[in-house]
Amino acid sequence: MPQPRAAAIEIANDEAPTISNQEEEILSGLRQANKWISPKYFYDQRGSELFDQITTLPEYYPTRTELGIMGKYADEIGKLVGPRASVIEFGAGSNVKIRLLLDCLQDCAAYVPVDISGEYLEYMAHALAADYPDLEVLPVLADFTQPFELPNPKIMPLKNLVFFPGSTIGNFAPAEALALLRVMHLEAKPGGALLIGVDLKKDQQVLEDAYNDRQGITAKFNLNLLQRLNDELGGNFDLSQFSHRAIYNDSRGAIEMHLVSQATQTVMLAAELFHFEAGEYITTEYSHKFTLDDFNTLANLAGFQRQRVWMDDDELFSVQLFQVPDSPS
Ligand code: AVJ
């Protein structure tokens with residue numbers, strides 16, 4: 001009988017950001033002529049629940065398609081990555097995807113989830129350790145957009161595999177996406193690899209439908225951001241005076257999510273006043289879409305070499321494997 005892992009899982013702390021610098025980031029975004037709040041603030045308890053609901057919507061193809069690709073090509077992914085990899089997940093996101101990956105890898109050396117939310121990390125790490133008693137789980141509390149220190153697994157890994165599913169890379173502006181890929185390149189180390197989910201350019205209507213679902217869950221998800229500002233930063237946003245909008249910006253190659261002011265109004269937040277004209281909006285998310293060439297060019301700039309691309313039959317979504325070349329001797 002396998003013994004349950006008794007020891008508490010220790011979380012390596014790589015300086016989590018304080019609430020106050022997050023508050024400053026939010027306020028400065030709202031002071032701009034083009035008002036902006038980063039999509040990373042969507043994910044409080046309620047926001048995470050709403051996102052989970054989004055992933056099951058008929059219009060929202062990415063999650064289901066990515067899971068389908070990973071399931072179908074699991075054996076191939078496992079073979080190409082090779083034995084005894086240490087998996088470093090950027091953002092401890094989905095319980096389901098990491099399990100699919102761990103199940104296809106041979107003799108995984110360790111699992112290193114890196115996340116900015118301590119509570120979520122702890123929950124995910126324990127859930128996983130309970131189901132994989134032989135796996136060493138080494139969570140790191142850190143902002144993964146900045147280089148962080150990797151813990152040392154007991155088993156010496158043959159390579160590091162950075163895992164970044166969900167096309168979360170699409171949330172970053174091109175320059176930031178490149179900077180993030182460079183951090184991944186650094187953490188993967190020479191001889192390491194990157195397995196990344198990348199959403200693809202496609203028919204505009206299909207894209208816009210995915211962010212304008214008929215049940216209005218995406219609208220709730222977007223508006224929940226204002227509720228969060230009310231609850232956590234002393235705001236007085238009237239949610240009925242803002243509406244959700246998601247449109248594809250062709251020149252940017254991205255879905256943009258907006259919260260559109262329905263009236264001329266002034267809102268208070270953290271003891272500061274913010275004025276909105278009717279029709280003025282806060283941009284809350286960019287979700288960039290890529291061609292295979294677009295993404296290869298970006299990854300090459302970060303020093304990665306593409307090894308394989310897997311797609312669904314309709315070519316809606318891709319899972320891509322890249323290598324960090326061995327250091328020149
Ligand atoms: C979590 C960034 C992959 O961009 O599709 C879903 C977030 N926003 N519906 C995406 C999201 C609105 C999602 N990612």
Side-chain angles (χ1 to χ4, degrees), residues 36-70 89-98 113-117 120 124 144-145 163-174 176-177 180-181 195-228 242-249 252-260 281-290 294-295 298 312 316-320:
W36 155 256
I37 302 178
S38 165
K40 67 186 174 201
Y41 297 112
F42 279 136
Y43 302 93
D44 65 348
Q45 179 76 30
R46 175 82 181 132
S48 301
E49 282 164 17
L50 287 166
F51 181 68
D52 281 347
Q53 285 183 46
I54 287 174
T55 64
T56 66
L57 292 168
E59 297 94 338
Y60 194 75
Y61 62 84
T63 312
R64 146 174 16 97
T65 310
E66 184 178 43
L67 280 170
I69 297 166
M70 286 188 64
E89 184 171 14
F90 275 51
S94 144
N95 234 314
V96 188
K97 289 174 199 168
I98 186 62
V114 185
D115 205 286
I116 205 160
S117 158
Y120 193 65
M124 289 288 289
F144 61 62
T145 63
F163 184 46
F164 198 44
S167 202
T168 307
I169 191 71
N171 272 176
F172 296 82
E176 275 103 65
L180 177 54
L181 287 164
L195 186 69
I196 185 167
V198 179
D199 198 9
L200 302 174
K201 287 195 167 132
K202 60 183 63 66
D203 179 73
Q204 180 161 342
Q205 196 61 53
V206 175
L207 283 172
E208 289 187 345
D209 287 352
Y211 295 82
N212 288 288
D213 64 280
R214 298 187 60 163
Q215 292 169 60
I217 309 293
T218 309
K220 282 189 187 160
F221 174 72
N222 200 2
L223 282 158
N224 178 61
L225 196 53
L226 299 182
Q227 186 61 53
R228 194 177 177 195
F242 287 86
S243 69
H244 162 75
R245 177 170 73 200
I247 47 165
Y248 184 67
N249 180 331
R252 213 188 276 274
I255 285 281
E256 298 187 11
M257 294 226 300
H258 300 159
L259 287 165
V260 189
Y281 58 89
I282 309 171
T283 302
T284 53
E285 185 172 53
Y286 295 114
S287 189
H288 291 83
K289 309 302 170 187
F290 299 88
D294 289 341
F295 196 77
L298 192 66
D312 55 298
L316 296 173
F317 200 93
S318 65
V319 175
Q320 311 198 10

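We count residues from 1, following the sequence as given. Whatever order the structure lists them in is the order used to number ligands and atoms, beginning at 1. Both backbone and side-chain heavy atoms feed into the values below; hydrogens, waters and symmetry mates do not.
Residue Y43 places no N or O, backbone or side chain, under 3.5 Å from any N or O of ligand 1. Considering backbone and side-chain N/O atoms, T168 never comes within less than 3.5 Å of an N/O atom of ligand 1. Taking only nitrogen or oxygen atoms, main chain and side chain alike, T218 does not reach within less than 3.5 Å of ligand 1.
Listed by number with element, the atoms of ligand 1 under 4.0 angstrom from any heavy atom of Y60 are 3 (C), 5 (O), 6 (C), 9 (N), 10 (C), 13 (C).
Here F164 and F144 bring their ring centres to under 6.0 angstrom of each other. Residues F317 and Y61 place their aromatic rings such that the two centres sit no closer than 6.0 Å.
Between the side chains of Q53 and E49, no donor-acceptor pair is found at a separation under 3.5 Å.
Nearest protein heavy-atom contact of atom 7 (C) of ligand 1 is E285 OE2, 3.4 Å.
Closest of all the heavy-atom pairs between L180 and T145 is CD1-CA, 4.2 Å.
Remark: distances from the non-hydrogen atoms of F51 to ligand 1 include one below 4.0 Å. The closest approach between a heavy atom of G166 and any atom of ligand 1 is below 4.0 Å. For the pair F172 and ligand 1, no heavy-atom separation below 4.0 Å is found.
Counting only heavy atoms from C-beta outward, the side chains of S167 and K289 never approach each other to under 4.5 Å.
Going from atom CZ of F42 over to atom CG of N222 covers 4.5 Å, rounded to the nearest 0.5 Å.
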